[in-house]
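To start, the structure itself, in structure tokens.
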Amino acid sequence: MVLFAVAWTPWGAQAADAPAIETFTLKNGLEVIMVPNHRVPAVSHSLWFRVGAGDEVPGKTGLAHYLEHMMFKGTPKYAAGEYARILSRKGGQKNAVTGYDYTYYYVNIAKEFLPLVMDIESDRVQNLAPDKESFPKEREVIIEERRMRIDTRGLAQLNEQMNATLFQNHPYHNPSIGWKQEMAQLTEADVMGFYHRYYNPRNAILVVAGDITREELEPLAEKYYGGWQAGEQYERHWRTEPQHMAPRFVELYKNNVTQRVWNRDYIAPSLVDGNTKLAVPMMVMSQILGGGQTSRLYQSLVVKQKIATSAGSSYNPLTVGPSQFSLEVIPLKTVDMSAVAKAAEAEIHRLATEPVSDEELQRVKSWMKADVIYDRDSLDEVAMTLGRLRVAALDIALYTEWPERIEAVTKEQIQQAAKVIDDNKKAVVTGYLLDKNGHNPEDDTDNEEQDDD
Amino acid sequence: MIKRALLALLLLWLGCLPALASGKVQEIKTPGGFTVWLLEEHSLPIVTTRILFRDAGSAADPGQKEGMAGMAASILFEGAGPYDAAAFQRELEKSAIRMGFDSDEDTIVASLESLTEHKERAFELLGLALTKPRFDEDAFARLRGRMISRVGQLNIDPSFIARRIWQRQVFPTHSYGSMGVGTPDSLKRIKRDEVKDFVNRYLTRQNLYIGVVGDIDAQTLAPLIDQALGGLPEKFRPVAPVADVEPATGKLVFKRNQTAQSVVFFSAPGLRRNDKDYYAGYVLNQIMGGGEAMSSRLFSEIREKRGLAYSTSSSLDPMLHSSLFKGGFSTRNNEVGQAIDVFRQTLAELQKNGVTEAELQDAKDYLVGTFPLRLDNNGTIANFLVSMQLYDLGLDFLDKRNDLVKAVTIEDVNRIARDWLLPDRFVITVLGNPKQAPKGAVELK
């Protein structure tokens, strides 16, 4: 039964053409969001769970992602191969993603097959039953995936080490794909335990975008998902960060690094964690500081001082836990890493102490506000953003009113956001990717992955 | 009476149009003599443009100067007309205009996206970039530095290293055998005036194709195109034409590299884009290694059944001057020998015994069913519009394409498998650190 239905007409100045996003919640707690887009006769069906790598217990990292893989391995109604085959036959594109805060499964398909997709998806979130043999086999696959994504990539290894160093207690300190030695020990019981505990409608959101109306969607959602047992609402109690006492450094030496990399990550507020009022200003600040070639970092370090070939910053405001404000600089060969740090810090300090110009502010706002329109040039882009908002328990209005939120950011707020970073001397990690050759060798880290398991 | 009959015919015809594209692709000839393919789409206030320059890609890089085409493309973003690099980029940002220049082995493509309200400014700035690039000294030096950095970073990526080896093995003497990103040495050899000369010779009226999708009509578009591109050089003057080339065949090559996985790339000659059997080859590839469907032969044998790799796929990759069936997989070092055996057996089985009716139907259904999903955005459609012109596929290709796939028979597919998927024709390159080199491999030092 539908508890309530709310419709927004968003998009500010583009309201005349705007789709009306609607939402309703089933009795079992499943939140349903509808994003109309009648451009092509297709729909995007994505099911999001408010549970991810961050919810793994110590010693069992990689479990959320392992379950994501096993979700493709069959139910009594749809055997493992069948699931993929049926959807492909109907021209469905499908995939899944595991993050720290969420896991989602999506299928994009011609509109007429939405009932079929709902039948299949509602089945596997309730009745998953893979064959015993498929568990160890898929465990090998995820270990290969880890090798491909991380163990063979210097920058990815650096990033993994930096995360593990920056977060001293929070689950974000583990890699979301898992530590390899723990992945290798995960069992069928672990996977099914995680599934049964967390995969229920109280912890889930269904987003359907595309050639759909509320009149069509409501009865379908009720028919296929209405019978899903409510289960227990999962309340997160993540370990939190203690007060950070000292800045940290990670030096990663790899073979044949002819191009060093300088990275820095600061703990930062998000739209959910810490000083949330600063999150939107921090997005604008990041764009000004390091959002591209017109940015402060690029113009100063690359163009004027000529100490780097590229320089930029990035910031994700959508984390449920503490976020990170990140800097990346690719320094020239002869430049000292401490000079890079000084130059980057000087730009942050400038932003913290001097207001930006009118021209700069207007230009960056204009650029960022247009995102909501460009996002609509896609079957599922808007749906993905709304899913990310809702798994963080954020209001959809944040996205639908995005242009207004950006426009409202003041020069003072930008300075405040920069000051938070400028003042942060301790909850921070700096990482270098360096050439091993000529350096005192310890273990041959490039051979680490030989001949185990 | 005639009018009514015509109207009835028109309505009948319109009623028969599949709902694939929201309208029909129009070919426009502007007063200034440009041909533009336009698909109007008024549901969004966005105008999207692609301008493709044929034979302006890295295959045209002069010997010892790999990276030239890449530089030529990238320098266009670094200042034009009265604007130096930073000023030009600020002009784009303040009107939320998204502009980019990319190159591959065969082409340079200019991409432009703007909101409707800024479309005039967008075309104006694109025209400046293409007809009046500044080639400022400092911008050029910065660009070169950036490209050298990039290669430096790529050079520690086993996937890149493996690809470079594979590419040279497949095209030992042809310029298709070098990487478009260049090397630090080749990039250092390229002079600013040479890039300027490349732009004048290779970005011309004679070798361009234009595709536009979005909130604009022909009447509004034509003068914007003429104003923007009228200043382009008339004649396409390549230094030397790129020759057609047959890929090398029948190799197993190994290079030792201390990495956590062995990276395998494979390829064999493939069907050219205009081959009458192209779609049979395309469907065959979907069965062999079409990645997304998770049900291809390679996915099934290498990943599903044996857990040997996380990703494995293949594609039919037609180029302007050659074509390849190609793909790869990454696997544990000490299982790469086994993985290669499984790969060869999978090929041999396909080549000898062909595909099943069920497989054929599944592949066709997938390709047909997912096609409309790809047309959900302006950019993909605009890319189609330029490649449709490049390969002479016809104005109505978007509507015809699914029929071409549906028309493929099992006899067609099995014939292509038999004639093209001979396991011994494949070039297989392996980069990794297994205890022993794969059996029968030539080891590169």
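Throughout, protein chains are lettered first and strands after them, A, B, ... in sequence-line order, and every chain is numbered starting at 1.
- For A260(B) against D151(A), the heavy-atom pair with the smallest separation is CB-CB, 3.9 Å.
- No donor-acceptor distance shorter than 3.5 angstrom exists from the side chain of Q293(A) to the backbone of Q89(B), with no hydrogens or angles considered.
- Contacts of K364(B) with chain A are absent, with no heavy-atom separation under 4.5 Å from either backbone or side chain.
- Results of the salt bridge (Lys or Arg N to Asp or Glu O under 4.0 Å) test with E304(B) over K73(A), R85(A), K137(A) single out K73(A) as the only residue that passes.
- There is no contact between E133(A) and chain B, counting heavy-atom distances below 4.5 Å.
- Across I142(A), N95(A), T309(A), the residue that shares the most heavy-atom pairs under 4.5 angstrom with chain B is T309(A).
- Contacts of I148(B) with chain A are absent, with no heavy-atom separation under 4.5 Å from either backbone or side chain.
- Scored by the side chain to side chain donor-acceptor pair (under 3.5 Å) test, K111(A) finds E216(A) as partners (sequence neighbours excluded).
- Of all heavy-atom pairs between S88(A) and S295(B), the closest is OG-OG, 4.4 Å.
- Residue L155(A) touches chain B through its side chain alone, counting heavy-atom pairs closer than 4.5 Å.
- Within the 4.5 angstrom heavy-atom criterion, no atom of S300(B) approaches chain A.
- Chain A forms more heavy-atom pairs under 4.5 Å with one residue of L308(B), V368(B), D362(B) than with any other, namely D362(B).
- T370(B) and G91(A) make their closest contact through CG2-O, 3.2 Å (heavy atoms, listed as atom of the first residue, atom of the second, distance).
- Interface remark: of the candidates K306(A), M148(A), E360(A), M148(A) forms the most heavy-atom pairs closer than 4.5 Å to chain B.
- The contact between Q299(A) and chain B is made entirely by side chain atoms (from C-beta outward), counting heavy-atom distances below 4.5 Å.
- In this structure, no portion of L367(B) lies under 4.5 Å from any heavy atom of chain A.
- Looking only at atom types and distance, the side chain of Q259(A) has a donor-acceptor partner in the side chain of S149(B) under 3.5 Å away.
- Take H69(A) and apply the ring-ring contact (aromatic ring centres under 6.0 Å, His included) test, not counting sequence neighbours, and it matches H65(A).
- Around CZ of R150(B), the count of heavy atoms belonging to other residues, nucleotides or ligands within 6.0 Å does not exceed 12.
- Using a 4.5 Å cut-off between heavy atoms, A86(B) contacts chain A through both its backbone and its side chain.
- The parts of R303(B) that come within reach of chain A are both its backbone and its side chain, each placing non-hydrogen atoms under 4.5 angstrom from that chain.
- Applying the side-chain contact (heavy atoms from CB on, under 4.5 Å) test between Y374(A) and each of N377(B), I46(B), T48(B) identifies I46(B) as the sole match.
- Side-chain polar atoms of T294(A) and E93(B) form a donor-acceptor pair below 3.5 angstrom.
- At a threshold of 4.5 Å between non-hydrogen side-chain atoms, the residues R39(A) and N378(B) count as touching.
- Looking at E359(A), only its side chain comes within 4.5 Å of chain B, counting heavy atoms on both sides.
- If you measure heavy-atom distances from E78(B) to chain A, the contacts under 4.5 Å come from the side chain alone.
- Note that CG of L44(B) and CZ of R376(A) are 5.0 Å apart. Values are rounded to the nearest 0.5 Å.
- Side-chain N/O atoms of R147(A) and N333(B) include no donor and acceptor closer than 3.5 Å.
- Under a cut-off of 6.0 angstrom, the local environment of CD in Q436(B) is sparse, with at most 12 non-hydrogen atoms contributed by other residues, nucleotides or ligands.
- When heavy atoms are compared at a cutoff of 4.5 Å, V261(A) approaches chain B solely by way of its side chain, counted from C-beta outward.
- Top candidate by heavy-atom pairs under 4.5 Å with chain B, chosen from V303(A), L87(A), N37(A), is V303(A).
- D157(B) and R153(A) are joined by a salt bridge, as a carboxylate oxygen and a charged side-chain nitrogen come within less than 4.0 angstrom of each other.
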Stepwise side-chain contact (heavy atoms from CB on, under 4.5 Å) check, D376(B) with S378(A): CA-CA 6 Å; D376(B) 71 326; S378(A) 158; 4.1 Å; yes
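- Heavy atoms of N155(B) lying under 4.5 Å from chain A are absent altogether.
- Contacts of L433(A) with chain B are made by side-chain atoms alone, with heavy-atom separations under 4.5 Å and no backbone atom involved.
- Closest non-hydrogen pair, I373(A) versus P45(B), comes out as CG2-CG, 3.7 Å.
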Full working for salt bridge (Lys or Arg N to Asp or Glu O under 4.0 Å) between R98(B) and D371(A): CA-CA 11 Å; R98(B) 299 177 170 185; D371(A) 280 350; 2.9 Å; yes
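- Heavy-atom distances place the side chain of R149(A), and not its backbone, under 4.5 Å from chain B.
- The pair E140(A)-R306(B) does not meet the salt-bridge criterion, since no charged nitrogen lies less than 4.0 angstrom from a carboxylate oxygen.
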Intermediate values then yes/no, side-chain contact (heavy atoms from CB on, under 4.5 Å), R142(B) and Y298(A): CA-CA 11 Å; R142(B) 265 197 312 275; Y298(A) 189 92; 3.9 Å; yes
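- Only the backbone of T331(B) comes within less than 4.5 Å of a heavy atom of chain A; no side-chain atom from C-beta onward does.
- Cation-pi geometry between R89(A) and Y366(B) is not met at under 6.0 angstrom from the ring centre and within 45 degrees of the axis.
- Annotation: side chain of P158(B) is in contact with side chain of T152(A) (closest heavy-atom distance under 4.5 Å).
- Within the 4.5 angstrom heavy-atom criterion, no atom of I302(B) approaches chain A.
- Both the backbone and the side chain of I156(B) have a heavy atom closer than 4.5 Å to some heavy atom of chain A.
- For a residue to count as touching a neighbouring chain, one of its non-hydrogen atoms must lie under 4.5 Å from one of that chain's; by this rule L379(A) touches chain B with backbone and side chain alike.
- Side-chain atoms of Y310(B) and R146(A) form no donor-acceptor pair, as typed in the model, at a separation below 3.5 Å.
- Using a distance-only test at 3.5 Å, with no hydrogens or angles considered, no donor-acceptor pair links the side chain of Q362(A) to the main chain of K94(B).
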